[in-house]
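Input: a single structure, listed below in structure tokens.
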Amino acid sequence: MKKLLLGNAALARGLYEAGCALASSYPGTPSTEVTEEAVKFNEIYCEWAPNEKVALETAFGACLAGKRAFCAMKHVGLNVAADPLFTISYTGVNAGLVINVADDPGMHSSQNEQDSRHYARAAKIPMLEPSDSQEALDFAKAAFDISEKFDTPVLIKMCTRVSHSQSVAELCDRTEPPARPYQKDPHKYVMAPANAKIRHPFVEERTLKLAEFAETSPLNKVEMGGKSLGIICDSTCYQYAKEVFGDQVSILKLGMVWPFPQKMIKDFASKVERLVVLEELDPFIEDYVKSLGIKVEGKSLFPMTDEFSQSLVASEFGKEAPASCKKIEGLPVRPPVMCAGCPHRGLFYTLARLKCTVLGDIGCYTLGAMPPLGAIDAVECMGASVSSIHGFNKATGGASADKTVAVIGDSTFMHSGMTGLANIAYNQSDSTVIILDNSITGMTGHQQNPTTGYNIKGDPAGKINLEALVRSMGINRVRVVDPYDLKQTEAAVKEELAAKEPSVIISRRPCALLKYVKPKAPLQVNDAKCVGCKACMKIGCPAISFKGGKAFVDQTQCVGCGVCKQLCAKNAFEAAQ
């Protein structure tokens, strides 16, 4: 049966067909839907882990027990999982272990544009890279076979355009291999130095065997066309090349991007007059081809930043882009903004009003940096806000403690904020940490986390009490505020900033988009009372605009949170009739 599938859904289908038994992941765009689709198959146990490191270690435990296992993450999540990744490369696997990493060229939803192919080479494990939904499904199955044949974890690299585009895939039945018996083998699995020294030569020999496998694997394929130009490409770049050139040029498509098929590359290069590597981000393939002494072009033609397109590829080769691929001009911009009724808005308005230095984190609340709020000073990675405020305040000798806060979401705090807070409690800086508890993992589309009390299927699960947790970590000053109440929020922030010890404020209000959150009646503006002072515009609510010198509320967006009402000295905001 054939079906139109999202790339991520196709990958999940591949896990099912391959007999995968467990999937543990942390949500991160553009990888999130893989696990959300996998959970629809009852044969696969699925879960959201607190972070990517835990997810990979959980998946390794399952493969060690003899069941095929999987975990997924976005590219920056692989940084978090790198610690176990590099060591699991040495131990190898029992049953198959597949790791999906999704890159984000163009940074549609990411803080950097790193190229995950480097991890495959650095960790010395194979990486497969599908270019459409059919390959995503097929490569998932191939990855498990490679994992078990070569005793290695396998990376499958997706990217935004493959993950979030749809194409036809042919579905097959599930084939579930028998569980592999676990056998105690400390020389293989206990990575003490003496054992690790023995395993390292195995890893190097495995890489040579994988490179030999790559020479004849159907994962890599040559499509000979015109010989005046040969293109070596991977992932979406294969699609762009085919759409621009069709069969006019010759193409070497690499579905296995590490290790490389050296003989295949040399043979392909010898058959074409001009050789070009077409790849997004770093010259990963190009540098390898050059190391073989082959004349090749790549980054001299194409940029090392942003995602490519058919139009870009066509223009660099002096061709006209297909009409269906041309960019539509004159479209209105859509700047990122917190939703109407977002519980984070009132808090950030308060922090901006108090002129606080705010060390931010990764989540919906990162939008607090955008105008008109402009409340966040720095954002690096998950959990960094809590660690950074400690260093910031220690560096100033505490002089900054009465005007500096860290903000972090509930899910992000569970991901990697706890260790930073432990450092604050242990080494005692007068730091104020605000946990923005919106009762969900919001930015990636409402996934559960350890503080919500529900698992990936929405069934009741263990629930971590944030107040009890932070107190048990040594924080004595803990208080909860409702960010819709501006006076209460401002009073709490002022008091905790003035305290001469570590403190935590939990800003608690469920995300306005959660299905169980029932909006209040929308507001409207009484034109007779509105004086056009624009005080209400300072919160940046998308439901509020200005028309004819007066504030106006879009009642299709307004959820009646009442934050704007608290800013209006003339009481111009009223419940809609």
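These numbers were taken from a predicted model, which means no experiment stands behind them. Note that the numbering runs from 1 along the sequence shown for the chain.
A salt bridge between Arg117 and Asp115 is present, with a side-chain N of the basic residue lying under 4.0 Å from a carboxylate O of the acidic one. A salt bridge links Lys124 with Glu204: at least one charged nitrogen is closer than 4.0 Å to a carboxylate oxygen. Between Arg161 and Glu280, none of the side-chain N atoms (NZ, or NE/NH1/NH2) sits under 4.0 Å from a carboxylate O, so this pair counts as no salt bridge. Taking a cutoff of 4.0 Å between a charged side-chain nitrogen and a carboxylate oxygen, Glu52 and Lys74 do not qualify as a salt bridge. Salt bridge status for Lys263 with Glu215: absent, with no side-chain N to carboxylate O gap under 4.0 Å. The pair Glu148-Arg68 meets the salt-bridge criterion, with a side-chain N (NZ, NE, NH1 or NH2) lying under 4.0 Å from an Asp/Glu carboxylate O. Under a 4.0 Å N-O distance rule, the pair Glu223/Lys253 does not qualify as a salt bridge. With salt bridges taken as basic N to acidic carboxylate O contacts below 4.0 Å, one links Lys40 and Glu37.
Around atom OH of Tyr182, more than 12 heavy atoms belonging to other residues, nucleotides or ligands sit under 6.0 Å away. Counting non-hydrogen atoms of neighbouring residues, nucleotides and ligands closer than 6.0 angstrom, the CG atom of Asp247 reaches no more than 12 such neighbours.
For the pair Lys67 and Leu22, the minimum side-chain heavy-atom distance is 4.5 Å or more. Residues Met414 and Thr451 have side chains in contact (heavy-atom distance under 4.5 Å, counting atoms from C-beta outward). A heavy-atom distance below 4.5 Å is not found between the side chains of Trp48 and Asn449. By the 4.5 Å heavy-atom criterion applied to side chains, Ser250 and Ile231 are not counted as neighbours.
Closest heavy-atom contact between Ile198 and Pro201: O-CD, 3.2 Å. Here the closest non-hydrogen pair linking Gly453 and Lys463 is CA-CB, 3.6 Å. For the pair Glu279 and Ile285, the tightest heavy-atom approach, listed with the atom from each and the gap, is OE1-N, 2.9 Å.
With 3.5 Å as the limit, one finds no donor-acceptor pair spanning the side chains of Asn51 and Ser416. Side chain to side chain, His75 and Ser116 fail the donor-acceptor criterion of an N or O pair below 3.5 Å. Side-chain contact check for Gln114 and Asn79: at least one donor-acceptor pair (N or O, by modelled atom type) lies under 3.5 Å. No hydrogens or angles considered: a donor-acceptor pair under 3.5 Å links the side chains of Gln447 and Glu36.
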Can Leu56 and Asp83 be said to form a side chain to side chain contact (heavy atoms under 4.5 Å, CB included), step by step? CA-CA 10 Å; Leu56 178 52; Asp83 192 1; over 6 Å; no

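In this structure, Phe70 has its ring center at least 6.0 angstrom away from the ring center of Phe144. Remark: aromatic rings of Tyr90 and Phe202 are distant, center separation not under 6.0 Å. In summary, the aromatic rings of Tyr240 and Phe308 are positioned with their centroids too far apart to meet the 6.0 Å limit.
Applying the side chain to side chain donor-acceptor pair (under 3.5 Å) test to residues at least two apart or on different chains, the pairs with a partner in residues 17-27 are Arg13-Glu17, Glu17-Lys141, Ser24-Glu47, Ser25-Thr35, Tyr26-Ser411. Among residue pairs with one or both ends in residues 92-140, those qualifying as ring pair (Phe, Tyr, Trp, His ring centres under 6.0 Å) are His118-Phe284; sequence neighbours excluded.
Asp234 contributes no side-chain N or O that, together with a main-chain N or O of Leu254, makes up a donor-acceptor pair within less than 3.5 Å. Under a 3.5 Å cut-off, the side chain of Asp361 and the backbone N or O of Ser385 do form a donor-acceptor pair. With hydrogens and angles disregarded, no donor-acceptor distance shorter than 3.5 Å links the side chain of Ser110 to the backbone of Asn112. Remark: side-chain polar atoms of Asp151 are not paired, donor with acceptor, to backbone N or O of Gly92 under 3.5 angstrom.
Legend: residues meeting side-chain contact (heavy atoms from CB on, under 4.5 Å) with Ala461, ordered by chain and number and at least two apart, are Asn455.
The CG atom of Leu281 sits 8.0 Å away from atom OG1 of Thr305, with the distance rounded to the nearest 0.5 Å.
Considering Val162, Thr32, Val34 in turn, Val34 is the only one that fulfils the side-chain contact (heavy atoms from CB on, under 4.5 Å) rule with Asn8.
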